[in-house]
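Here is the naming used below: chain letters follow the sequence lines, and residue numbers restart at 1 for every chain. Note that this is a predicted model, so its numbers are computed, not measured.
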Amino acid sequence: MSNEESFRPTVLQRILDDINFMMCLGLVIPTVFYTLWGVMEVATIPLGK
Amino acid sequence: MAITTAQSPFRTDPLTGLRIDLTAQALVKVNAVLAVVFLLVGGTAGLLVALTRWPAVHLLPADLFYMALTAHGIVALMVWIIFFEIAVLYFVASTLLSCRLAAPKLAWTQVVLMVVGAAMTFVAILQGDSSVMMTSYVPMNAAPHFYLGLILFAVGALIGCGVFWGTLVIAAEEKTYEGTLPLTVYGCVIATIIAVFTIASGAIILIPTFLWSLGLIKSIDPMMYRVIWWAFGHSSQQINVTAHITIWYTVAGLAFGAKPMSEKVSRTAFLLYICFLQFGSVHHLLSDPGLSSAWKIFNTSYMMYLAVLASLIHGLTVPGSIEVAQRRSGLNNGLFEWLRKCPWGNPVFSSTILSIIIFGFIGGVTGVVMSVEQVNMIIHNTIYVPGHFHGTVAGGTTLAFMGLTYYLIPVLFQRQVIMKPLAALQPWLFGIGTSIFAIAIMGAGTLGVPRRHWDVTFAGQALGFEWPGMAQMMLAIGEIGGVIAVLGGALFCVIVVGSILIGEPVPANAKNIVAPPADAGGHKEIGMGGFEAPGTFILAMVLFVTLVLYYFVNFKYLATLWTLT
Ligand code: HEM
Ligand SMILES: [Cu+2]
């Protein structure tokens, strides 16, 4: 037990272990960089007259 | 099959010592069997398509060709693979964590929704008005129940993900495991996260398209459709990659007692997947007008390479861990004794190692290179593209799933695999057939042969086209490889269904099929020149050099096609 107390997981390990946080990352990053950015690209194509 | 309550009983598997929740076991079995049945359907459609694209055979008339192609794409890529993935999620969460499955009733709802959805879409395709290919690009119009079936199927899959996540919560609460999640479960967590993004994207695009097919929405912008559809279409491939990599880790552990070389490195590679893998969706839009190069290149190159790095890490650590385990068990001579003395006749092993090799050398190398905006111009919409992705989804994912199935037959169905000599041959037939198919049609694609095309010669048309003999030959060789692969696939279905129905029960005193954990002490004496896994290191360098050479060859080829003077 004392062993466990002296063991502090690193930040990376804490991120990796927090699967709900990983879920957020996995949804937000592609939504922003792929979907939103991509939709903006299409939406800003000027209309033909 | 009884729908049991939360207090479902367990059994302890004599072969593996695993504690198996019986409800979970029933659900894994049902999902896996449905998967295999659909693989048979999808493979049959694939055979018809291949026999039509083989110029000398040219089997189907045009309308049936496009129908078969749509059926093949949807059933093989979505239905077979996703049913199997759900089986994997349930197996991993319940059995590897010794936990009861959360919400069994919801899990049965998943089965029903996915069966009804798949059947609905399949019927729509057979009715002939929905030969829109699996991408169903608007403004091509399919029957409403084509889209509705896909939506129901996706809702079912989402429920499956929820049951998996819920099981993790229960396992954590009931403390059925210690410390962090085992790596194989962790891999499934990553696959599930990607699946949620995938299914959400699918819903965003398919629900409006469904309403449009009913006439409730006037029109859908084709460009917008393509952008959002590929958030779904490409991400679903990333679920597959993550799932089959997880299976590589699982099999390495089960068959060799191999431990990941570094848990931390493997998990960090999974973090790279979460952050960067989805960006690859843009590689489907590289030749689309209207989208900026900034968006294209940021997504497919800079960010994607971080995900590719993660794949290289997985591809290195899985064989590496097998090498370490083999060397520790005494096969420590030279560079490759550990590899020569692998159980090549065991289909669990051969499927897995062939999956690693085909995915890396065929699917991986070509995928990275064709995702470069300039190189993409050479092969866009040619039959090179199906060549590439049969290296990933058929040679990589499907073969890995086949390997795991051979493992699950004695463990979950408690039956011995029938026709052992043929089972030993099967992964080779499927793997080699798929490789010939993929490489040859990539050759044809490099010469410009289009994909999704009933008759590239335009016979009898005003504007015929004479292909170089080489292109014709590549198509023929490719489709012969395709037929070999279909034989391998059919053999798989026969062996699996046969083993379940008439296989002999596993004897009560059968020996544990999990290899003994590698002996700890010998760590320092194995390997060569300071490397624990020198053989794998050399193989990884071969892969890397292949990738770099292939990259430059393609730029050279591009320069000769599009001369700049
Ligand atoms: C069993 C051996 C297989 C054979 C002989 C085969 C053959 C083919 C052929 C000839 C095409 C058409 C290429 C074109 O004309 O553009 C094709 C397309 C395709 N195949 Fe396969 N295939 C096999 C297995 C698989 C598997 C296992 C999967 C998925 C897991 C798969 C997924 C696809 C997809 C998604 C397409 C694209 C459909 C489209 O363009 O809409 N195939 N296959
Ligand atoms: Cu893709």
Side-chain angles (χ1 to χ4, degrees), chain A, chain B residues 161 165 168-169 172 178-181 185-186 188-198 200-201 204-205 221-228 230-232 234-235 238 263-264 266-268 270-271 273-282 285 288-292 294-296 298-300 303:
Chain A
M1 276 297 118
S2 65
N3 212 358
E4 213 170 79
E5 272 159 33
S6 60
F7 174 72
R8 292 194 95 246
T10 58
V11 175
L12 177 62
Q13 190 64 50
R14 297 223 301 276
I15 292 176
L16 290 172
D17 282 344
D18 187 345
I19 60 175
N20 293 313
F21 180 69
M22 293 283 278
M23 175 69 92
C24 294
L25 278 184
L27 295 180
V28 169
I29 295 175
T31 302
V32 171
F33 286 99
Y34 177 81
T35 311
L36 291 181
W37 186 354
V39 165
M40 288 314 295
E41 294 266 323
V42 178
T44 51
I45 298 173
L47 284 178
K49 298 234 167 76
Chain B
C161 294
W165 210 265
L168 297 184
V169 173
E178 278 171 33
T180 55
L181 289 167
V185 182
Y186 198 71
C188 289
V189 168
I190 304 302
T192 307
I193 293 173
I194 300 175
V196 172
F197 177 74
T198 303
S201 306
I204 294 174
I205 197 62
D221 181 73
M223 204 56 237
M224 205 62 105
Y225 180 96
R226 286 169 62 81
V227 168
I228 304 198
W230 279 112
F232 161 71
H234 177 77
S235 305
Q238 314 299 28
E263 285 266 347
K264 186 166 233 166
S266 296
R267 281 169 205 256
T268 309
F270 277 130
L271 175 64
Y273 270 9
I274 285 295
C275 296
F276 303 112
L277 200 52
Q278 311 316 317
F279 292 72
S281 304
V282 180
L285 305 168
D288 281 40
L291 304 165
S292 71
W295 182 64
K296 289 175 180 173
F298 176 82
N299 278 274
T300 56
M303 293 302 118

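- In this structure, no portion of B:Leu277 lies under 4.5 Å from any heavy atom of chain A.
- Using a 4.5 Å cut-off on side-chain heavy atoms (C-beta onward), A:Met22 and B:Ile193 make contact.
- Ring pair A:Tyr34/B:Trp295: centre-to-centre distance below 6.0 Å.
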Please test B:Val196 against A:Met23 for side-chain contact (heavy atoms from CB on, under 4.5 Å), starting from the C-alpha separation and ending with a verdict.
CA-CA 9 Å; B:Val196 172; A:Met23 175 69 92; 3.8 Å; yes
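- At a 4.5 Å heavy-atom cutoff, the contact between A:Ile45 and chain B is made by side-chain atoms alone.
- Not one N or O on the side chain of B:Gln278 forms a donor-acceptor pair closer than 3.5 Å with the backbone of A:Ile29.
- The minimum heavy-atom distance linking B:Phe197 with A:Pro30 is given by the pair CZ-CB, 3.6 Å.
- Looking at A:Thr31, the atoms closer than 4.5 Å to chain B (heavy atoms on both sides) sit in the backbone and in the side chain alike.
- For B:Trp165, the part lying under 4.5 angstrom from a heavy atom of chain A is the side chain only.
- For the set A:Ile15, A:Asp17, A:Ile19, A:Thr44, the entry with the most heavy-atom pairs within less than 4.5 Å of chain B is A:Ile19.
- Between the NZ atom in B:Lys264 and the CG atom in A:Leu12 there is a gap of 5.5 Å [rounded to 0.5 Å].
- For a residue to count as touching a neighbouring chain, one of its non-hydrogen atoms must lie under 4.5 Å from one of that chain's; by this rule B:Asp221 touches chain A with the side chain only.
- Using a 4.5 Å heavy-atom threshold, the side chains of B:Val227 and A:Thr35 count as separate.
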Determine whether A:Leu25 and B:Leu271 satisfy the following criterion, side-chain contact (heavy atoms from CB on, under 4.5 Å), listing intermediate values before the conclusion.
CA-CA 9 Å; A:Leu25 278 184; B:Leu271 175 64; 4.1 Å; yes
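- Looking at B:Thr268, both its backbone and its side chain come within 4.5 Å of chain A, counting heavy atoms on both sides.
- With a threshold of 4.5 angstrom between heavy atoms, B:Phe298 approaches chain A through side-chain atoms but not through N, CA, C or O.
- Only the side chain of B:Tyr186 comes within less than 4.5 Å of a heavy atom of chain A; its backbone N, CA, C and O stay farther away.
- Atoms OG and CZ, from B:Ser281 and A:Phe33 in turn, are 14.0 Å apart once rounded to the nearest 0.5 Å.
- Among the candidates A:Val28, A:Leu27, A:Leu16, A:Thr10, the residue making the largest number of heavy-atom pairs closer than 4.5 Å to chain B is A:Leu16.
- Of the atoms belonging to B:Leu285, it is side-chain heavy atoms, and not backbone ones, that fall under 4.5 Å from chain A.
- Heavy atoms of B:Val282 lying under 4.5 Å from chain A belong to its backbone as well as its side chain.
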